[in-house]
Amino acid sequence: MSIRVLHTIAELRAALAGQPVVGFVPTMGNLHQGHLDLVRIARPRSSVVVASIFVNRLQFGPNEDFDRYPRTMEADVAVLSSAGCDLVFAPDERELYPQPQGYKVHPPAELADILEGHFRPGFFVGVATVVHKLFNIVQPHLAVFGQKDYQQLMIIRNMVQQMALPIEIIAGPTTRAEDGLALSSRNGYLSAQERAEAPQLHALLQRMGQRVREEGVQAIPAIEAEAMTALAARGWKPDYLTIRRRTDLQAPTDPQEPLVALAAAKLGTTRLIDNLEI
Ligand code: PAF
C-alpha cells in the first residue's frame, strides 16, 4: 500500500482498525538512515508500520533547540515510504496537546535524573509523557527505539514493564557513518570542520572500553577523568564520559557485570551523545 500521512488521532485510529500487528517507530522527524533501520526492524514483524513525526516541545529545555530543530516533513515521508512504512502520524501541537499537558509521566529519579537527565532537567519527563501518550494513541504491539539513546530506551522499557503496557520494546542498534560517528538529526548542525572532528567521541568510547578490559573496573575513575581531559583538550565541552552498569546505569562494583560506556559533549554549539556496550 502507498504511504499515508495522517494528522489526527481519529484518522489514525480508523486506519489501524482491525490490524493484527501494529509496529511503531516514534520519531521527531529530520530522518536519517538510523531511523530507517528502525522501520526496517519493525517491517517484517508487523502487519502495518506506523512512524510518528512530532517535535515534542515537552522534552526541550528553555535554552535548547526546539525552535531550530529541523522540520523536513516532505523528505521524511519519501524516505519512510522507501523503507516500507505504511502510515505516518504527524499531529500538530493542538492535536497532541489540546490543553497544557498537566498529567505527566515522571520516571524514577535514580534513572531519569542521572546522565542525560542531570544535564537536561525534565527531559525524560517530556520523553516518557509523549511516548506514553503516543502508545495510547497508536496502541502498537511492538515499538522500536534506537540504542543510541541508551538511557531513553531503558526508561521506556521500564515504563512499559511497570505500567504493564502490552507492547514489545525492540532495541535498534546504533547506525554509524563509516568513520564511526553515530547518525543523529543533530549532526546536521555541524560545520565541515566539526563533522571531521565528531568521530572522536566514538573513538574515545572505544579506547575507554579497551582500557577497562585491560585494567579492570578499579581503573574506571581514572579512565573517565582522562577521557574528559582528552576531549576537552580537543576543544569539546564534555558533559560526561562514563562507564556504567548496563542494567541500571549506576557505577559498576562487580568486575563481572556487563558495562556500557556513555558520552555526551558539545562540539561548538552542537551537543552529541553516544554509547558503546563493552
Ligand atoms: O528519540 C526521539 O526521537 C524522541 O525522544 C522520541 C522517542 C520520538 C520522543 O519524542
Side-chain angles (χ1 to χ4, degrees), residues 25-41 51 53 55-56 59-61 63-80 82-83 115-116 119-120 123 127 144-153 171-211 223-224 226-243 260-278:
V25 180
T27 83
M28 298 205 300
N30 193 229
L31 303 181
H32 51 68
Q33 189 57 46
H35 294 109
L36 304 186
D37 289 346
L38 304 182
V39 171
R40 292 204 175 93
I41 290 172
I53 297 181
V55 185
N56 175 38
Q59 71 190 72
F60 287 79
N63 300 317
E64 294 186 352
D65 54 346
F66 176 77
D67 288 327
R68 72 170 178 139
Y69 201 87
R71 275 84 168 164
T72 53
M73 182 65 75
E74 224 175 289
D76 289 347
V77 172
V79 291
L80 282 170
S82 71
L115 304 173
E116 281 305 281
F119 288 95
R120 304 182 68 188
F123 172 66
V127 169
V144 191
F145 290 84
Q147 222 171 346
K148 177 176 159 280
D149 297 296
Y150 203 88
Q151 194 176 359
Q152 167 174 286
L153 173 63
T174 301
T175 306
R176 298 183 181 278
E178 269 185 22
D179 58 12
L181 177 64
L183 297 194
S184 161
S185 300
R186 291 192 169 95
N187 293 351
Y189 297 149
L190 298 170
S191 68
Q193 204 184 348
E194 289 164 349
R195 175 62 189 81
E197 170 64 18
Q200 288 303 321
L201 195 62
H202 176 238
L204 201 49
L205 288 174
Q206 285 179 311
R207 281 203 293 282
M208 290 171 76
Q210 193 181 344
R211 282 193 60 188
I223 294 170
E224 290 177 345
E226 286 166 37
M228 293 284 282
T229 307
L231 205 60
R234 302 185 65 94
W236 296 64
K237 288 194 196 73
D239 282 345
Y240 57 84
L241 282 143
T242 187
I243 292 161
V260 57
L262 303 120
K266 261 192 171 174
L267 185 54
T269 57
T270 307
R271 189 169 180 281
L272 300 178
I273 64 169
D274 201 354
N275 67 79
L276 201 63
E277 290 186 340
I278 55 180

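As the structure is a computational prediction, the values presented were derived from the model and not from experiment. The figures here come from the full heavy-atom set of this structure, side chains too, leaving out hydrogens, waters and symmetry mates.
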Problem set entry | All side chain to side chain contact (heavy atoms under 4.5 Å, CB included) counterparts of Thr269, not counting sequence neighbours | Arg68
Seminar exercise, completed: His202 meets the side chain to side chain contact (heavy atoms under 4.5 Å, CB included) criterion, sequence neighbours left out, with Arg176, Gln206, Asp274, Leu276
Exercise. Out of curiosity, Leu38 CG to Thr175 OG1, how far, rounded to the nearest 0.5 Å?
Worked result: 7.0 Å
Problem set entry | side chain to side chain contact (heavy atoms under 4.5 Å, CB included) between Ile53 and Leu80, intermediate numbers included | CA-CA 11 Å; Ile53 297 181; Leu80 282 170; 4.1 Å; yes
Exercise. In Å and rounded to the nearest 0.5 Å, what is the CD1 to CZ distance from Ile41 to Phe145?
Worked result: 12.5 Å
Exercise. From Leu31 CG over to Thr72 OG1, what is the distance, rounded to the nearest 0.5 angstrom?
Worked result: 6.0 Å
Problem set entry | Heavy-atom closest contact (Leu201 atom, Trp236 atom, distance) | CB-CH2, 3.8 Å
Seminar exercise, completed: In this structure, CD1 of Ile273 is separated from OH of Tyr240 (nearest 0.5 Å) by 5.5 Å
Seminar exercise, completed: Scanning both residues in full, the closest heavy-atom pair of Leu241 with Ala263 reads CD2-CB, 3.5 Å
Exercise. What distance do Ser184 atom OG and His32 atom NE2 have between them, rounded to the nearest 0.5 Å?
Worked result: 5.5 Å
Problem set entry | Short side-chain to backbone donor-acceptor contact, Gln200 and Glu197, under 3.5 Å | no
For this session: Find out whether Asp179 and Arg195 are in side-chain contact, i.e. whether some heavy atom of one side chain is under 4.5 Å from a heavy atom of the other.
Result: yes
For this session: Report the residues that fulfil side chain to side chain donor-acceptor pair (under 3.5 Å) with Arg271, sequence neighbours left out, ordered by chain and then residue number.
Result: Glu116, Asp239
Seminar exercise, completed: On a heavy-atom basis, the closest approach of Leu183 and Ala177 is CD2-N, 3.8 Å
Exercise. Arg186 versus Asp65: any side-chain heavy-atom pair under 4.5 Å?
Worked result: yes
Exercise. Do Leu272 and Asn187 have side chains that get closer than 4.5 Å, going by heavy atoms?
Worked result: yes
Seminar exercise, completed: Sorted by chain and residue number, the side chain to side chain contact (heavy atoms under 4.5 Å, CB included) partners of Glu277 (sequence neighbours excluded) come out as Gln147, Tyr150, Arg246, Val260
Exercise. Who pairs with Gln210 by side chain to side chain donor-acceptor pair (under 3.5 Å), at least two apart in sequence or on another chain?
Worked result: Glu214
Seminar exercise, completed: For Met28 and Tyr69, the nearest pair of non-hydrogen atoms, with its separation, is O-CE2, 3.6 Å
Problem set entry | Closest non-hydrogen atom pair, Leu204 against Ala227 | CD2-O, 3.5 Å
Seminar exercise, completed: Nearest heavy-atom approach of Asp76 to Gly29 is OD2-CA, 3.3 Å
Exercise. Do Val55 and Arg71 come within less than 4.5 Å of each other through their side chains, counting heavy atoms only?
Worked result: yes
Problem set entry | Gln151 and Asn275: CA distance, side-chain angles, deciding distance, side chain to side chain contact (heavy atoms under 4.5 Å, CB included) verdict | CA-CA 10 Å; Gln151 194 176 359; Asn275 67 79; over 6 Å; no
For this session: Would you please name every residue forming a side chain to side chain contact (heavy atoms under 4.5 Å, CB included) with Glu224, sequence neighbours left out?
Result: Met208, Ile220, Thr242, Ile243
